[in-house]
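I have placed the structure first, in the form of structure tokens, so that the comments after it can refer back to it.
Convention: sequence-line order gives letters A, B, ...; per-chain numbering from 1.
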Amino acid sequence: MSFDHQKVEQKWQKHWIENKTFKTDTYSTKEKVYALDMFPYPSGAGLHVGHPEGYTATDIISRMKRMQGYEVLHPMGWDAFGLPAEQYALDTGNSPEAFTKKNIATFKRQIQELGFSYDWDREISTMDPNYYKWTQWIFTKLFEKGLAYTDEVAVNWCPALGTVLANEEVIDGKSERGDHPVVRKPMRQWMLKITAYADRLLDDLEDLDWPESIKDMQRNWIGKSEGAEVTFNIDGHEETFTVFTTRPDTLFGATYTVLAPEHPFVKEIVTDGQREAVNAYLHKVQTKSDLERTDLAKDKSGVFTGAYAINPVNNKKIPIWVADYVLMSYGTGAIMAVPAHDERDYDFATKFELPIIEVVAGGDVTKEVYVGDGEHVNSGFLDGLDKDTAITQMIEWLESNGKGEKKITYRLRDWLFARQRYWGEPIPIIHWEDGTMTAVAEEDLPVELPVMTEIKPSGTGESPLANSPEWVNVVDPKTGMKGRRETNTMPQWAGSCWYFLRFIDPDNTEQLADPELLKEWLPINIYIGGAEHAVLHLLYARFWHKFLYDIGVVPTKEPFQKLFNQGMILGEGNEKMSKSKGNVVNPDDIVVSHGADTLRLYEMFMGPLDASVAWSTNGLDGARRFLDRVWRLLVNEDGTLSEKVTEANDGSLEKAYHETVKKVTTDFDNLHFNTAISQMMVFINEGYKANEIPKQYVEGFVKLLSPIAPHVSEELWHLLGNAKTISYEVWPTFDESKLVEDEVEIVVQVMGKVRAKINVSKDISKEDLEKLALDNEHIQEWITGKTIRKVIVVPGKLVNIVAN
RNA sequence: GCGGGUGUGGCGGAACUGGCAGACGCGCUAGACUUAGGAUCUAGUGUCUUAUGACGUGGGGGUUCGAUUCCCUUCACCCGCACCA
């Protein structure tokens, strides 16, 4: 008979909740482990089978660490602000808050039904004013330190909807809702100066135990590049302009320069003869979307301004062009073009028949661009030098002649931090009638979202909050000055930038968290989530954390010491699960049909945690079959403990048991759950073959199984005669000496091919082993008539005879 | 184009710092039990071959007594970035 998973699971879930089994003692003197999941956005679709994969992994670690004597912090919460709730509110006129709360309730029920060992007393939600008070507080600190500022930034403005749209809401230049035209319009926006932390965000990646691919993605995103700025005079103008280049050594080969279309100098320097052409070009570029400008950029376009720059190193007049292959957002928005040694410049110069001068030997620039290293030519004082030396010398020349300087540029841009939305944390700023603005004082935080009967666009581009005059308009009680609240809200990223701090001290009313506790619990030992957050969430959270470190709020430079990305669970056809494909698996259904333990076990057994593997109903059945096999091995038909479980120990399972304890323990630590499970399967298979199973081993095995399948393990633990929960029982240990057998099997190879296997004492000498191998009759057959050239003996493993 | 990763049976996947390729599971085959089995148990299951044996970790080459593992080269797929000067 198999166990009744519904009964068993409900029983233990109730027990855990009622007894607060997984309540963390924040002040514990035990060694601490902080195992964190990326908290979910509670979407209306409910839990997806992808969610439990990462959650199970951290749960296994948490449960094992508790049993190993650690105090474990394993919390869960809700990333509650977000666009879908606002859209829902716009569509239905209902409150995004009620909608989100309902979704949270569903998520919570689903998560609890999977038996995760969260401390639910620490549940937090980013939409809770007690929480976002501190999100706002951090913003005011950023503001005070000059790291939050306003700037005019182009946004997606939809006149028909009277609202600003996020990039993902714009499809082919039309609004996703209603298919209305969308234009780029500059608006005053809040920005966070993440670029001030670029170097530290880059350098501190070194010490993190993160997947190399994620570190690389962050490095690329930050995009540090070293080079120089070079100042060009403009023929007939007073002003100068500056370009950024990583190849100052090729300055002698600069045959033209290019300004980005948005460069402020374009309109100043354009000659009368070229004005019409330039204006036409600028207009053409403006109507191109970002996508067109970047994606369809196979064929370069541009136009001559009529003006000339003076190459500072040789005083040659070179034309100034405008072209959209130069981006205003990177470097200085202007480049010096060296067509001989830069692919983009080469394409452009070829198309517009601009001169190409070779300055680095090694290729044939009449035929194709040459970007490699080589001796410099046509380059005056750089002739004969290699690239690195030439770069250094050119920078020296530029600096001593006042024509430029060494410069480091980043691809990373400041973080656009404002959203023209209702459903987010209000940015705690007041604009006063005298033109000043101030941050809301700490004692006046949080600035709560007003309850609004209807959430609709303001029509001005401001958020719907602008529709609530009683909320927007304020009067300073001291001075009587009138002011207006900032109507922008924070982006969804804000709340997730620091939630892991709040879990440590969720009810603190005085500060975001007690510094003493932060010291105890940070950094996070293991953080697991999807790779889709590889760059933005993780970079933003690191930025805030470093800022909080600088102002003395947190004790560590980095929040997440170890990070791991779980893979995706695909549909049975190896495609992404999606409603439209109809291949979505609902965890609720699996919990009913197979049970939470089976789901957890199956998801961990599918493959390595970081791999993307297709869902398989057969595989799921197999996981359940294993749990049934465990149950039947230990429990009789009538529900009593099997007679096979004995106090005696005949030693037959000794090696298998110790091996299993060792492998499962180390595999869990390394997040290799699939192989840990296979080892448990091996043990159970051995158990079926054995006549009796020592109770001690059974208890040890149930403990090993309990992090993965906690409900059935609790039930078995109970059946074994234990009254208390298994959750804090001591994790089994293994004895290394039990793993080595007195006799080992040695592989005997001839010419690298296995020809025989012999059993020998583990202590046999190299010489004796070699002799035994050579005397073996099968081996004799293979080596007679041949000359033995060499015999390789690897003690305890193999003998390889080289003979021909 | 640049950066990163992955290629192993019919399928998901194992294999420690180079040492028995295919653990474990799924699927399949046969048998047992059974009124029945899509339950359970037992055995088998990389390919070719009559056994012996030969071949086999995307392809080609190399280092080595020995390569899934290291090196070179090539192909395919996946992920990220994408005119970043």
Side-chain angles (χ1 to χ4, degrees), chain A residues 1-2 211-221 223-225 227 243-248 250 254 257-258 260 293-298 300 323-327 329-338 341-345 347-348 409-413 531-532 534-535 565 567-568 574 601-602 605-608 610-623 625-626 628-629 632 663 666 672 674-685 688-689 745-757 781 789-794 796-803:
Chain A
M1 210 192 88
S2 68
E212 203 48 43
S213 62
I214 302 292
K215 287 194 193 181
D216 254 324
M217 280 162 71
Q218 294 218 343
R219 287 189 194 109
N220 290 336
W221 194 262
K224 180 176 183 170
S225 68
V243 305
F244 173 73
T245 176
T246 54
R247 294 293 304 275
T250 60
T257 66
V258 187
R293 251 183 92 165
T294 54
D295 239 38
L296 305 171
K298 301 244 157 60
K300 293 206 170 15
D324 67 355
Y325 82 91
V326 174
L327 308 174
S329 53
Y330 184 76
T332 59
I335 61 154
M336 62 179 220
V338 184
H341 307 293
D342 180 283
E343 242 171 278
R344 298 151 299 182
D345 299 343
D347 291 347
F348 192 81
T409 298
Y410 300 90
R411 205 177 74 92
L412 181 71
R413 295 187 230 159
E532 65 274 21
V535 178
N565 292 116
M568 228 181 329
N574 243 311
L601 177 73
Y602 172 59
F605 189 59
M606 289 176 92
D610 57 358
S612 291
V613 182
W615 182 266
S616 150
T617 306
N618 280 330
L620 180 74
D621 290 340
R625 203 170 302 155
F626 171 63
D628 282 338
R629 263 171 78 77
R632 279 197 315 269
K663 183 150 179 63
T666 54
H672 295 162
N674 56 331
T675 50
I677 291 165
S678 85
Q679 182 60 40
M680 288 193 246
M681 289 171 168
V682 169
F683 180 76
I684 291 302
N685 290 345
Y688 268 91
K689 285 180 206 150
E745 192 184 56
I746 299 290
V747 174
V748 185
Q749 300 180 328
V750 178
M751 298 300 287
K753 293 205 159 65
V754 182
R755 297 301 181 193
K757 292 176 182 179
E781 283 173 34
R789 307 275 175 200
K790 198 173 173 184
V791 179
I792 292 112
V793 180
V794 182
K797 287 235 170 90
L798 63 71
V799 177
N800 187 12
I801 298 158
V802 186

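- Annotation: salt bridge (charged side-chain N to carboxylate O under 4.0 Å, His left out) contacts of A:Asp621 (sequence neighbours excluded): none.
- Within the structure, every side-chain polar atom (N or O) of A:Thr409 is placed at least 4.0 Å from both OP1 and OP2 of B:rA85.
- From A:Asn618, atom CG reaches atom CZ of A:Arg625 across 8.0 Å, with rounding to the nearest 0.5 Å.
- Qualifying side chain to side chain contact (heavy atoms under 4.5 Å, CB included) partners for A:Asp345, counting only residues two or more places apart in sequence or in other chains: A:Tyr256, A:Tyr325, A:Ile335, A:Ala337, A:Pro339, A:Asp342.
- A gap of 25 Å separates the P atoms of B:rG18 and B:rG13, to the nearest Å.
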Show the distances under 3.5 angstrom between N or O atoms of the protein and N or O atoms of nucleotides 46-52 of chain B.
none

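- The same atom, P, is picked in B:rC70 and in B:rU17; the two are 10 Å apart, to the nearest Å.
- A gap of 23 Å separates the P atoms of B:rU49 and B:rA23, to the nearest Å.
- The CE atom of A:Met680 sits 8.0 Å away from atom CG of A:Leu601, with the distance rounded to the nearest 0.5 Å.
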Anything under 3.5 Å between a protein N or O and an N or O of nucleotides 1-8 of chain B, put it in a table, one pair a line.
none

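- Applying the side chain to side chain contact (heavy atoms under 4.5 Å, CB included) test to A:Ala334 and every residue at least two apart in sequence or in another chain returns A:Phe241, A:Val243, A:Leu259, A:His263, A:Thr332.
- Nucleotide B:rA67 is matched to nothing when pairs are restricted to Watson-Crick or G-U wobble geometry with both distances under 3.5 angstrom.
- One interatomic measurement links the two molecules: CG of A:Asp342 to C1' of B:rC83, which rounds to 9 Å at whole-angstrom precision.
- Remark: A:Trp615 pairs with A:Tyr602 by the ring pair (Phe, Tyr, Trp, His ring centres under 6.0 Å) rule, at least two apart or across chains.
- With both pairing distances under 3.5 Å, B:rU40 is matched to B:rA32 as a Watson-Crick or G-U wobble pair.
- One can place CG of A:Asp621 at 18 Å from P of B:rG12, the figure rounded to the nearest angstrom.
- Side-chain atoms of A:Arg411 come within 3.5 Å of backbone N or O of A:Asn220 as a donor-acceptor pair.
- With sequence neighbours excluded, the residues forming a salt bridge (charged side-chain N to carboxylate O under 4.0 Å, His left out) with A:Arg219 are A:Glu206, A:Glu212, A:Asp216, listed by chain and number.
- As rounded to the nearest Å, B:rU8 and B:rU68 have P atoms that lie 14 Å from one another.
- Base pairing annotation: B:rG25 forms a Watson-Crick or G-U wobble pair with B:rC11, both donor-acceptor distances under 3.5 Å.
- If A:Pro608 and A:Thr245 are placed on RNA chain B by their nearest nucleotide, the residue sitting closer to the 5' end is A:Pro608.
- With both ends at atom C1', the span from B:rG62 to B:rU52 equals 33 Å, rounded to whole Å.
- What separates NZ of A:Lys663 from P of B:rA14 is a distance of 10 Å, to the nearest Å.
- Partners of A:Asn685 by side chain to side chain contact (heavy atoms under 4.5 Å, CB included), not counting sequence neighbours, listed by chain and number: A:Arg629.
- If you measure from atom CZ of A:Arg219 to atom P of B:rG80, you get 19 Å, rounded to the nearest angstrom.
- In this entry the base of B:rG60 is anti relative to its sugar, with a glycosidic angle more than 90° from 0.
- Distance CG (A:Leu620) to C1' (B:rC11): 16 Å, rounded to an integer number of Å.
- For the side chain to side chain contact (heavy atoms under 4.5 Å, CB included) test, residues two or more places apart in sequence or in another chain that qualify with A:Pro608 are A:Asp610, A:Ala611, A:Asn674.
- By the salt bridge (charged side-chain N to carboxylate O under 4.0 Å, His left out) test, A:Arg247 is found to be paired with A:Asp249, residues two or more places apart in sequence or in another chain being considered.
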Table of protein N/O atoms under 3.5 Å from nucleotides 17-25 of chain B N/O atoms:
{"residue": "B:rG19", "atom": "N2", "partner": "A:Gln749", "partner atom": "OE1", "Å": "3.4"}
{"residue": "B:rG19", "atom": "N2", "partner": "A:Asn800", "partner atom": "ND2", "Å": "3.4"}
{"residue": "B:rC20", "atom": "O2", "partner": "A:Lys757", "partner atom": "NZ", "Å": "2.6"}
{"residue": "B:rG25", "atom": "OP1", "partner": "A:Asn685", "partner atom": "ND2", "Å": "3.4"}

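- Taken to the nearest 0.5 Å, the OH atom of A:Tyr330 stands 11.5 Å off from the CG atom of A:Leu412.
- As a whole-Å value, the separation of A:Asp610 CG from B:rC78 P is 18 Å.
- A 3.5 Å limit on both hydrogen-bonding distances identifies no Watson-Crick or G-U partner for B:rU52.
- A gap of 16 Å separates the P atoms of B:rG58 and B:rA15, to the nearest Å.
- Spacing of P atoms, B:rG10 relative to B:rC75, comes out at 26 Å, to the nearest Å.
- In this model, the phosphate group of B:rA39 is not approached by any side-chain N or O of A:Arg632 to a distance below 4.0 Å at OP1 or OP2.
- Across B:rU45 and B:rU63, the matching P atoms stand 36 Å from one another, rounded to whole Å.
- Take A:Lys224 and apply the salt bridge (charged side-chain N to carboxylate O under 4.0 Å, His left out) test, not counting sequence neighbours, and it matches A:Asp199.
- Across every strand in view, B:rU6 sits in a pair with B:rA76 that passes the Watson-Crick or G-U test at under 3.5 angstrom.
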